[in-house]
Protein chains: 2
Amino acid sequence: MPMVKKTLKQRIVDASVVLFQEDGYHNVTVDRIVEYIGASKGGFYHNFKSKDELLYEIHDVFISYVIKQSQEAYDKYDTPITRLCAMLQTLTQVFDMYQAHITVFYEESRSLPEEYSEIIHKKRDQYRDILQKVIEDGQQTKDFRTELPCTIVTMAIVGMINWTYKWFKQSGPLTMEEITEVFTDMVLRAIVTEQAMEEAVQFMVKG
Amino acid sequence: MPMVKKTLKQRIVDASVVLFQEDGYHNVTVDRIVEYIGASKGGFYHNFKSKDELLYEIHDVFISYVIKQSQEAYDKYDTPITRLCAMLQTLTQVFDMYQAHITVFYEESRSLPEEYSEIIHKKRDQYRDILQKVIEDGQQTKDFRTELPCTIVTMAIVGMINWTYKWFKQSGPLTMEEITEVFTDMVLRAIVTEQAMEEAVQFMVKG
DNA sequence: CAATACAAACCGACTAGTCGGTATTAACTT
DNA sequence: AAGTTAATACCGACTAGTCGGTTTGTATTG
């Protein structure tokens with residue numbers, strides 16, 4: 001493993017994610033960030049145009065990764081049920097790894113100036129659209145119940161997953177694997193039609 | 001209807017909820033609040049010890065109301081399924097009415113100094129406990145599937161509901177009634193046992 | 001007169017961003 | 001390989017502006 005020297009820019013990002021998560025964007029000064037990593041203000045503004053640009057960078061790294069992972073999960077499978085399960089799996093995994101990022105993403109997005117927030121909002125919608133497409137497809141193929149509006153179903157799932165960043169603690173009694181399993185079970189039972197239930201049961205918790 | 005003259009204090013709270021929701025606590029100055037309602041800084045600090053105290057007041061009004069409504073929904077019914085439905089109904093209603101409050105509640109809770117946030121966190125847990133008790137009871141009575149850990153189920157439901165504040169728009173194409181109906185259906189299907197399904201079907205969307 | 005309810009000017013602490021300068025590395029020449 | 005130049009990366013004292021909160025003043029009410 002080649003021990004690559006981390007750039008100052010990367011060290012700033014890494015430190016900021018942690019600090020922003022803990023205390024919030026507005027309560028973390030640039031001075032504190034650079035002091036935290038033993039750098040200087042000059043170094044900071046050499047790498048970033050502004051504090052806002054740093055916040056944007058954190059947002060973009062995270063949401064771009066989520067989109068990439070979601071799309072990969074989509075492409076890897078070819079039925080609505082398997083795709084949905086893969087996406088749930090992927091998403092909760094990401095949320096497990098990037099909890100600091102996602103906290104910043106959802107708590108501090110309002111602090112982004114418009115020039116940045118426009119881009120981020122577009123990408124956020126893009127992520128949701130991938131999930132919604134899976135639901136729509138599933139309704140078309142009668143794998144998923146058509147009597148539920150797919151937009152609401154999508155947002156219900158998104159909410160369920162996203163909210164984990166508020167309460168999940170890696171040091172807590174529950175592992176993300178357990179949570180994923182339960183979420184998957186609940187979602188499948190909620191939306192899979194009786195006729196497609198056979199394919200779905202393999203992804204459910206045994207009872 | 002007696003036209004009661006609104007106190008300055010109430011006007012400050014009302015204006016602040018809106019402003020905080022729109023721009024975030026840190027981006028709204030005390031000067032802007034008082035200017036917005038045509039008052040003065042002296043008036044503000046006559047009614048509030050600090051800007052933080054105002055934020056606390058907004059938090060407390062909201063969460064206390066949620067607890068009260070949840071408890072009432074609990075007391076009004078006597079089976080897990082009816083209680084759960086009533087609570088879902090109540091909660092989404094509250095979220096419909098108090099969207100500005102809830103936005104402030106979830107986006108700005110980190111801005112509360114510890115003296116206040118302790119109280120708020122306790123109340124927030126209290127609200128969750130009421131819901132969790134319903135789930136637990138239901139598992140005891142075999143109305144709800146016991147193979148799903150009730151803590152995860154509870155947080156899944158909480159997440160689904162809470163997330164609505166992020167995307168629901170009163171001016172949008174979906175009404176909160178529709179959303180509630182779909183949420184209720186999904187939750188019931190996800191957790192109600194086969195043997196109790198008979199009681200639950202009346203609350204589901206017809207398919 | 002005394003207490004309340006507000007107004008308006010003011011203060012001090014804090015912070016994003018600047019700017020002149022220095023160290024470090026890369027590129028080129030001889 | 002050594003010397004020279006240029007560009008990049010980084011430093012830290014400083015500033016201009018902002019904002020929560022205070023103080024002093026004034027009108028009203030009981």
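FYI, side chains are in, hydrogens and waters are out, and symmetry mates aren't considered; it's all heavy atoms of this structure. Residue numbering restarts at 1 for every chain, and letters A, B, ... go by the order of the sequence lines.
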Neighbour count above 12 (heavy atom, 6.0 Å) for [X] [atom1]:
{"X": "B/Glu35", "atom1": "CD", "answer": "no"}
{"X": "B/Tyr45", "atom1": "OH", "answer": "yes"}
{"X": "A/Glu115", "atom1": "CD", "answer": "yes"}
{"X": "B/Glu114", "atom1": "CD", "answer": "no"}

Counting the benzene-type ring for Trp, do A/Tyr106 and A/Tyr165 have ring centres under 6.0 Å apart?
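A/Tyr106 vs A/Tyr165: aromatic centres under 6.0 Å.
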Taking the six-membered ring for Trp, are the ring centroids of B/Phe168 and B/Phe95 within less than 6.0 Å of each other?
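No, ring centres 6.0 Å or more apart.
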Starting from [atom2] on [N], measure out to [atom1] on [X] and report it in whole angstrom.
{"X": "A/Leu55", "N": "C/dG17", "atom1": "CG", "atom2": "P", "value": "12 Å"}
{"X": "B/Phe44", "N": "C/dT4", "atom1": "CZ", "atom2": "P", "value": "20 Å"}
{"X": "B/Asp52", "N": "D/dG20", "atom1": "CG", "atom2": "C1'", "value": "10 Å"}
{"X": "A/Glu53", "N": "C/dG17", "atom1": "CD", "atom2": "C1'", "value": "14 Å"}
{"X": "A/Ile12", "N": "C/dG17", "atom1": "CD1", "atom2": "P", "value": "14 Å"}

Return all side-chain donor-acceptor pairs below 3.5 angstrom for residues 124-133 of chain A, not counting sequence neighbours, or 'none' if the list is empty.
| residue | atom | partner | partner atom | Å |
| --- | --- | --- | --- | --- |
| A/Lys133 | NZ | A/Asp137 | OD1 | 3.2 |
| A/Lys133 | NZ | A/Asp137 | OD2 | 3.4 |

List, with names and distances, any nitrogen or oxygen atoms from the protein found under 3.5 Å away from nitrogen or oxygen atoms belonging to nucleotides 24-29 of chain D.
none

Pairing donors with acceptors under 3.5 angstrom, does anything connect the side chains of B/Tyr77 and B/Arg83?
no
For B/Glu199 and B/Thr79, does a side-chain donor sit closer than 3.5 Å to a side-chain acceptor?
yes
Hey, is the main chain of A/Asp143 close enough, under 3.5 Å, to the side chain of A/Thr193 for a donor-acceptor pair?
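Looks like yes, one N/O pair under 3.5 Å.
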For nucleotides 14-16 of chain C, give me every protein contact, N/O to N/O, under 3.5 Å, one pair per line with atom names.
| residue | atom | partner | partner atom | Å |
| --- | --- | --- | --- | --- |
| C/dA16 | OP1 | A/Lys51 | NZ | 3.1 |
| C/dA16 | OP2 | A/Val30 | N | 3.0 |
| C/dA16 | N7 | A/Lys41 | NZ | 2.9 |

Quick test of your reading: applying salt bridge (charged side-chain N to carboxylate O under 4.0 Å, His left out), list the pairs with at least one residue in residues 92-103 of chain A, sequence neighbours left out, ordered by first then second residue.
none
Collect all protein-nucleotide pairs involving nucleotides 6-9 of chain D in which both atoms are nitrogen or oxygen and the distance is under 3.5 Å.
| residue | atom | partner | partner atom | Å |
| --- | --- | --- | --- | --- |
| D/dA9 | OP2 | A/His46 | NE2 | 3.3 |

Presence of salt bridge, A/Glu72 and A/Lys68, under 4.0 angstrom:
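Salt bridge flag = yes for A/Glu72 with A/Lys68.
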Close approaches to DNA chain D from residues 110-119 of chain B, in residue order (heavy atom, under 4.0 Å)
none
State which residue, out of B/Tyr98, B/Tyr25, B/Tyr56, B/Phe62, fulfils the ring pair (Phe, Tyr, Trp, His ring centres under 6.0 Å) condition with B/Phe105.
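Passing option: B/Phe62.
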